[in-house]
Number of protein chains: 2
Amino acid sequence: MIKYSVVIVDDHTLLSQAIAAMVNTFDKFKVLYTCKNGQELIDKFSESPKFIPDVVLMDINMPIMNGIETTDWISKNHNNVNVMALSVEDEDATILKMLKVGAVGYLLKDTEKSVLEKALIEIAENGFYHTKSVTSLLMKSLSGKGEEEVKLNDRQKSFMKYACSELTYKEIADKMCLSPKTIDGYRDVLFTKLNVKNRVGLVMYAIKNKIYTP
Amino acid sequence: MIKYSVVIVDDHTLLSQAIAAMVNTFDKFKVLYTCKNGQELIDKFSESPKFIPDVVLMDINMPIMNGIETTDWISKNHNNVNVMALSVEDEDATILKMLKVGAVGYLLKDTEKSVLEKALIEIAENGFYHTKSVTSLLMKSLSGKGEEEVKLNDRQKSFMKYACSELTYKEIADKMCLSPKTIDGYRDVLFTKLNVKNRVGLVMYAIKNKIYTP
DNA sequence: AATAAAAAAGGGGTTTTCCCCCTATAAAAA
DNA sequence: TTTTTATAGGGGGAAAACCCCTTTTTTATT
């Protein structure tokens, strides 16, 4: 019997190795190799076609190149490879982002071994696997308002990072080589765009959306 | 050959099962069972002596009962059980807290499989395992200033949580049924105690020290 | 080249935040 | 029992933060 090949991408070596050990116990699957981040995976893919698996198990939070960016790359360059997200994050926005760039499944890290196996089989044979909760989330996002995708430019992100420090706006203006009045503008634009009322709101948004990591 | 028994505590089922699969591949070790949180472990320990292992692999971030509290309990009630922390957290303060309550080892989740095996052997046979970095951290904390252990009472913690919201201090006062002036006092005390300059500083402290989770 | 659209900056005012220093009361320690 | 010490509260003021609305400059768009 030919086994489906799997690649695991997770910045925590021990975890990717442990999950690899687990996947290798599944009859129909075999782990090709593991990666510590998205860049490593892309390098492998580009090195040789024999490094291109049937399924990728992808963590989302990674340094250098995260799961969303990496999945996006895979969808665009190796559309026959199925990516399943495997993450601790259960935030709707993150899950949707991942599905939007082409992930064909989303599992939380606190599921059972048997569920992982079932999901892998479904994906290898049918091309997708979605839990009930993910399906209903998809429904909601399709029917309901398309989620006000907020896009921030580099200057705004940079300002957000400073806003997470103890600097005053005047000091932030200095750091960014702008007038304090311009910073006033940045802030007010972001207040309305992100729907927050004050600087603490900015800080929380920045953290929740990984613009700033404490 | 008699194998050492191991118990794994991690709220992410898939990870604890995966690590269990890995530990079971080690010659000298055998996984007794896995737990989803500290409370589950304590229940097991209390149920029967046959559920008490030689080594516990303990995650730190868990709901209900975290790794630090649980390790503390084990040290006080089953001193012959060796606890090794296995976490993604590399903050000095967290590591020291864990060692202080009796952990005999601290591994990051991005170590190699072989290192985990070596650590387990060391702990089972010598009673402890410390990486160079943890050892040097211990040295620093012993020689250097004893770490200004900041203790916050319940009211202060509750105030900190509100400070992480978009409420004004006046609104926080309302919520806590105190005068705005008292809240002023709370804030100023915490500013000096936590060595921060403004509300953003409070927010960052609260998040870093898990008083508030975004 | 003309026009639209961002981005940068200012004027000016209200509210909050921050930071002094001071009082009353209750609980804990001497 | 006096003396700390912790907790709740107050007055007042300077500095930020917040929130309008307007102007200049730069960058795209037609």
Side-chain angles (χ1 to χ4, degrees), chain A residues 145-214, chain B residues 145-214:
Chain A
K145 61 272 157 216
E147 284 301 311
E148 353 79 37
E149 174 80 21
V150 181
K151 265 273 174 188
L152 302 188
N153 63 37
D154 287 355
R155 297 293 279 170
Q156 287 173 331
K157 281 184 192 167
S158 157
F159 165 74
M160 289 285 273
K161 282 176 200 163
Y162 283 121
C164 293
S165 75
E166 294 187 33
L167 298 174
T168 67
Y169 288 124
K170 204 190 294 182
E171 289 165 339
I172 294 175
D174 265 15
K175 291 262 184 195
M176 295 183 68
C177 297
L178 291 169
S179 149
K181 274 298 177 180
T182 307
I183 293 297
D184 260 34
Y186 273 56
R187 181 198 56 212
D188 295 348
V189 166
L190 288 171
F191 276 5
T192 53
K193 197 192 276 210
L194 307 180
N195 205 30
V196 301
K197 294 219 296 279
N198 52 38
R199 187 157 164 179
V200 176
L202 286 186
V203 170
M204 285 309 163
Y205 183 94
I207 292 172
K208 282 181 186 156
N209 293 275
K210 300 185 206 315
I211 294 166
Y212 178 84
T213 310
Chain B
K145 61 271 158 219
E147 285 300 312
E148 352 82 39
E149 173 81 23
V150 181
K151 266 273 177 190
L152 302 187
N153 63 38
D154 287 354
R155 296 294 278 171
Q156 287 173 330
K157 281 184 193 169
S158 158
F159 164 74
M160 289 284 273
K161 281 177 202 164
Y162 282 122
C164 294
S165 75
E166 296 187 31
L167 297 175
T168 67
Y169 289 124
K170 203 191 294 183
E171 289 166 338
I172 294 175
D174 265 14
K175 292 262 183 192
M176 295 183 68
C177 298
L178 291 170
S179 150
K181 273 297 177 182
T182 306
I183 293 297
D184 261 34
Y186 275 55
R187 182 198 55 212
D188 296 349
V189 165
L190 288 171
F191 275 6
T192 53
K193 197 191 272 207
L194 307 181
N195 204 32
V196 299
K197 294 218 296 279
N198 52 38
R199 186 158 165 180
V200 177
L202 286 185
V203 170
M204 285 309 162
Y205 184 94
I207 292 172
K208 282 181 187 155
N209 293 273
K210 298 183 208 317
I211 294 165
Y212 178 84
T213 309

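Computed from a predicted structure; not experimentally measured. Note on naming: letters A, B, ... go to the chains in the order of the sequence lines (proteins, then strands), and numbering restarts at 1 for each one.
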Kindly indicate whether the side chain of Gln156(B), heavy atoms from C-beta on, has any atom under 4.5 Å from the side chain of Ile211(B). no
Nearest whole Å is fine: how far is dA7(C) P from Lys193(A) NZ? 8 Å
Distance-minimising heavy-atom pair for Ala206(B) and Cys164(B): CB-SG, 3.7 Å
Counting primed atoms, P, OP1 and OP2 as sugar-phosphate and everything else as base, the B/S/- map of nucleotides 8-13 of chain C against protein heavy atoms under 4.0 Å is SBBBB-
Any side-chain N or O of Asn153(B) below 4.0 angstrom from OP1/OP2 of dA6(D)? no
When the distance from CG of Asp188(A) to C1' of dT15(C) is rounded to whole Å, what number comes out? 14 Å
For the pair Val203(B) and Met204(A), evaluate side-chain contact (heavy atoms from CB on, under 4.5 Å) and give the outcome as yes or no after the intermediate values. CA-CA 9 Å; Val203(B) 170; Met204(A) 285 309 163; 3.4 Å; yes
Where is the tightest heavy-atom contact between Lys170(B) and Pro180(B), given as atom of each residue plus distance? CG-CG, 4.1 Å
Protein heavy-atom contacts under 4.0 Å, written 5' to 3' over nucleotides 24-29 of chain D as B (base), S (sugar-phosphate only) or - (none), form the string ------
Rounded distance (Å) that lies between atom P of dA6(D) and atom NZ of Lys151(B): 16 Å
Which nucleotides of DNA chain D pair, in dot-bracket form (Watson-Crick or G-U under 3.5 Å, | meaning another strand): .|||||||||||||||||||||||||||.|
Scan for side chain to side chain donor-acceptor pair (under 3.5 Å) pairs involving residues 201-214 of chain A, sequence neighbours excluded, and state none if there are none. Glu89(A)-Lys210(A)
To the nearest 0.5 Å, what is the distance between CD1 on Ile172(A) and CE on Met160(A)? 11.0 Å
Smallest separation among heavy atoms of Ser158(B) and Met176(B), with atom names: OG-CE, 3.7 Å
At their closest point, which heavy atom of Leu202(A) faces which heavy atom of Ala163(A), and how far apart are they? CD1-CB, 4.4 Å
Pairs under 3.5 angstrom only: tabulate donor-acceptor contacts from the side chains of residues 182-193 of chain A to other protein residues two or more places apart or in another chain.
from, atom 1, to, atom 2, distance (Å)
Thr192(A), OG1, Asp188(A), O, 3.4
Thr192(A), OG1, Val189(A), O, 2.9
Lys193(A), NZ, Lys151(A), O, 3.2

Would you call Leu152(A) and Leu194(A) a side-chain contact if the rule is heavy atoms closer than 4.5 Å? yes
For Glu166(B) and dC19(D), what is the distance between atoms CD and C1' respectively, to the nearest whole Å? 16 Å
Could you list the protein-to-nucleotides 15-17 of chain D atom pairs, N/O on both sides, closer than 3.5 Å?
from, atom 1, to, atom 2, distance (Å)
dA17(D), OP1, Arg199(A), NH1, 3.2
dA17(D), OP2, Tyr169(A), N, 2.8

Find the distance Leu152(B):CG to dA6(D):C1' and express it as a whole number of Å. 15 Å
Of all heavy-atom pairs linking Ser165(A) and Val200(B), the shortest is O-CG1, 3.3 Å
Please confirm whether the backbone N or O of Arg199(A) pairs with a side-chain atom of Arg199(B), one donor and one acceptor, at under 3.5 Å? no
Surrounding CG of Asn153(A) (heavy atoms of other residues, nucleotides or ligands, distance under 6.0 Å), is the total greater than 12? yes
Whole angstrom value for the distance that separates P of dC18(D) from CG of Leu194(A): 13 Å
